[in-house]
Amino acid sequence: MGDHGGAGGSRRRRTGSRPSSLGSGGPAAVAEEVRDSVASPDVGAGGDARALARDKNGDARVGSGPLELRCHRLQDSLFSSNSGFSNYRGILNWCVVMLILSNARLFLENLIKYGILVDPIQVVSLFLKDPYSWPAPCLVIVANVFVVAAFQVEKRLAVGTLTEQAGLLLHVANLVTILCFPASVALLVKSITPASVGKKASGDSTQGTISYPDNLTYRDLYYFIFAPTLCYELNFPRSPRIRKRFLLRRLLEMLFFTQLQVALIQQWMVPTIQNSMKPFKDMDYSRIIERLLKLAVPNHLIWLIFFYWLFHSCMNAVAELMQFGDREFYRDWWNSESVGYFWQNWNIPVHKWCLRHFYKPLLQRGNSKWVARTGVFLASAFFHEYVLSIPLRMFRLWAFTAMMAQVPLAWIVGPFFQGNYGNAAVWLTLIIGQPMAVLMYVHDYYVLNYEPS
């Protein structure tokens with residue numbers, strides 16, 4: 001009887017706990033119990049579902065009841081997809097620390113092995129040694145002849161002194177000449193160096209809305225020539241003023257990253273490339289792969305710095321000087337989950353030109369999207385090979401092949417690699433593909449020019 005009464009009393013005490021709490025704490029106490037019961041899905045042997053009470057710091061309160069001593073509940077491990085956990089900030093920081101340490105080891109190994117090779121005077125003396133043999137700046141100056149020729153043809157078309165057929169023929173002849181003339185100079189002028197790069201200067205800006213043919217002025221022509229765009233418009237979007245602090249930051253970035261790129265090339269890339277010639281000569285494939293992987297890190301780092309230097313620092317500096325309003329020179333290509341997305345977003349000026357003057361006209365002529373895309377890659381492959389083979393005076397088609405390989409690569413990456421896997425595949429092609437092309441061209445250039453026959 002005593003036991004039965006005790007059990008009944010115990011049951012009465014348990015079931016009576018909720019009314020007592022209502023009487024003592026009111027609605028707030030009921031709400032607290034409901035929150036505790038929802039927070040923990042634990043179900044004990046007797047069918048109770050309660051959570052451990054916690055203080056303001058989130059620590060469990062120590063109680064004397066048996067339920068207060070429970071420390072387990074139904075839950076998944078954090079790395080399981082069902083857990084819903086997504087805060088991996090610490091692992092990302094770990095990756096950054098490991099990357100810094102591994103690259104620090106490579107830097108230290110390079111310094112121990114080669115010493116300090118950085119010499120900015122050497123780069124300057126390369127161009128000052130023979131001031132009468134600067135074909136790249138000369139070609140930039142001579143390019144004005146073709147610009148003015150196109151301008152004069154368009155002006156005569158506007159006033160009707162030339163027929164449409166004659167104007168089209170003259171424009172085509174002018175474009176063919178501007179493609180062939182630099183190639184002829186590079187191949188015939190023996191003093192030209194493989195490092196031939198022309199830079200554009202800033203120009204004046206115009207205000208107000210204009211219409212054709214009022215835009216046929218030298219002022220409007222050279223604004224388009226120097227603006228950071230390849231697509232002409234009658235009225236470009238304009239910024240209201242020149243932000244001096246913004247411009248100063250971009251100019252300082254240009255100076256700093258130029259010196260950084262030169263230093264990394266002299267100190268890190270040149271020795272690695274020089275040491276890669278013997279494995280290529282001996283066709284030692286294991287050593288070739290080792291050289292390729294060793295070159296991948298500095299090459300990729302320099303490419304990233306070059307991207308920021310050109311598409312952010314340089315283009316924004318020129319756009320700020322000219323009050324050019326459209327500053328979308330790149331999009332988030334680093335999040336690319338497909339090869340196509342990367343090529344559409346990493347170089348917006350070229351992408352807009354290909355879209356407006358190549359891709360859409362092909363579609364309007366009845367071609368399929370696949371044909372139009374392949375045509376764009378074909379044109380891009382031609383110009384990539386053009387800007388490499390002409391200064392080097394050799395035709396190996398490595399750049400052309402690499403660009404055309406993007407078409408089947410897009411078919412492979414798209415269907416089979418998606419999400420993070422697709423993004424990793426894109427990064428892998430960027431990190432490995434570029435140093436492979438660099439080694440191919442350097443090896444062929446070395447064999448052609450320096451190896452005894």
Side-chain angles (χ1 to χ4, degrees), residues 92 95-96 99 228-231 257 261 264 269 292-293 295-316 326-360 362-363 367-388 397-441:
L92 178 61
C95 293
V96 173
L99 182 64
T229 181
L230 299 176
C231 297
F257 286 119
Q261 289 179 85
L264 289 175
M269 281 197 68
L292 175 65
L293 296 177
L295 183 63
V297 175
N299 179 84
H300 186 65
L301 181 60
I302 291 170
W303 180 79
L304 291 175
I305 295 172
F306 172 78
F307 165 80
Y308 186 91
W309 173 82
L310 176 63
F311 289 97
H312 187 74
S313 302
C314 295
M315 288 191 176
N316 269 294
D326 187 1
R327 307 295 176 88
E328 190 186 40
F329 306 123
Y330 55 90
R331 300 192 190 111
D332 62 333
W333 58 265
W334 47 87
N335 294 324
S336 301
E337 297 178 2
S338 65
V339 175
Y341 187 89
F342 168 79
W343 288 110
Q344 292 169 12
N345 293 276
W346 96 279
N347 188 342
I348 295 300
V350 171
H351 172 67
K352 287 181 177 178
W353 184 89
C354 292
L355 192 67
R356 189 170 93 168
H357 297 290
F358 212 97
Y359 183 78
K360 289 183 177 179
L362 287 175
L363 292 181
N367 296 288
S368 64
K369 290 184 177 180
W370 182 87
V371 172
R373 272 194 216 99
T374 305
V376 170
F377 274 106
L378 186 63
S380 179
F382 167 77
F383 283 108
H384 275 78
E385 188 64 40
Y386 180 87
V387 298
L388 285 172
L397 299 180
W398 295 119
F400 183 89
T401 305
M403 284 302 302
M404 292 308 300
Q406 301 300 309
V407 178
L409 183 63
W411 296 342
I412 297 173
V413 173
F416 298 104
F417 299 93
Q418 298 178 356
N420 291 332
Y421 297 103
N423 183 252
V426 172
W427 277 112
L428 186 62
T429 59
L430 293 175
I431 295 173
I432 300 298
Q434 291 177 0
M436 187 180 300
V438 170
L439 285 179
M440 293 296 103
Y441 276 103

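Side chains are part of it too, since the values below use all heavy atoms of this structure and drop only hydrogens, waters and symmetry mates.
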Can you check whether [X] reaches [Y] side chain to side chain, under 4.5 Å on heavy atoms?
X    : Y    : answer
L397 : E385 : yes
M436 : L292 : yes
F400 : L378 : yes
D326 : T229 : no
I431 : N299 : no
M403 : F383 : no

Measure the spacing between [atom1] of [X] and [atom2] of [Y] and express it to the nearest 0.5 Å.
X    : Y    : atom1 : atom2 : answer
H351 : L230 : NE2   : CG    : 12.5 Å
H384 : F377 : NE2   : CZ    : 10.0 Å
M440 : T401 : CE    : OG1   : 11.5 Å
L363 : K369 : CG    : NZ    : 7.5 Å
H312 : R327 : NE2   : CZ    : 10.0 Å
L430 : F342 : CG    : CZ    : 4.5 Å

Heavy-atom donor-acceptor pair, [X] side chain to [Y] backbone, under 3.5 Å:
X    : Y    : result
H300 : A296 : no
T374 : W370 : yes
N367 : L362 : yes
N423 : E337 : no
Q261 : F257 : yes

Inset, instruction - Classify the side-chain pair Y341/D332 by whether it contains a donor and acceptor separated by less than 3.5 Å. - result: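 Yes, a side-chain donor-acceptor pair sits under 3.5 Å.
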Inset, instruction - Go through the side-chain N and O atoms of W343 and Q406 and say whether any donor and acceptor fall under 3.5 Å apart. - result: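 Side chains of W343 and Q406: pair found under 3.5 Å.
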Inset, instruction - Return the orientation label for the W303 and W333 ring planes: parallel under 30°, perpendicular over 60°, tilted otherwise. - result: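 Perpendicular: the ring planes of W303 and W333 meet at over 60°.
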Legend entry - Nearest heavy atoms of A399 and L388, plus distance in Å: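 Answer, listing the atom of A399 first, then L388: CB-CD1, 3.6 Å.
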Inset, instruction - Answer yes or no: does atom OH of Y308 have more than 12 heavy-atom neighbours from other residues, nucleotides or ligands under 6.0 Å? - result: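 Atom OH in Y308 is packed in, count exceeds 12.
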Legend entry - side-chain contact (heavy atoms from CB on, under 4.5 Å), paired with W346, selected from F329, W334, F307: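 Answer after filtering F329, W334, F307: F307.
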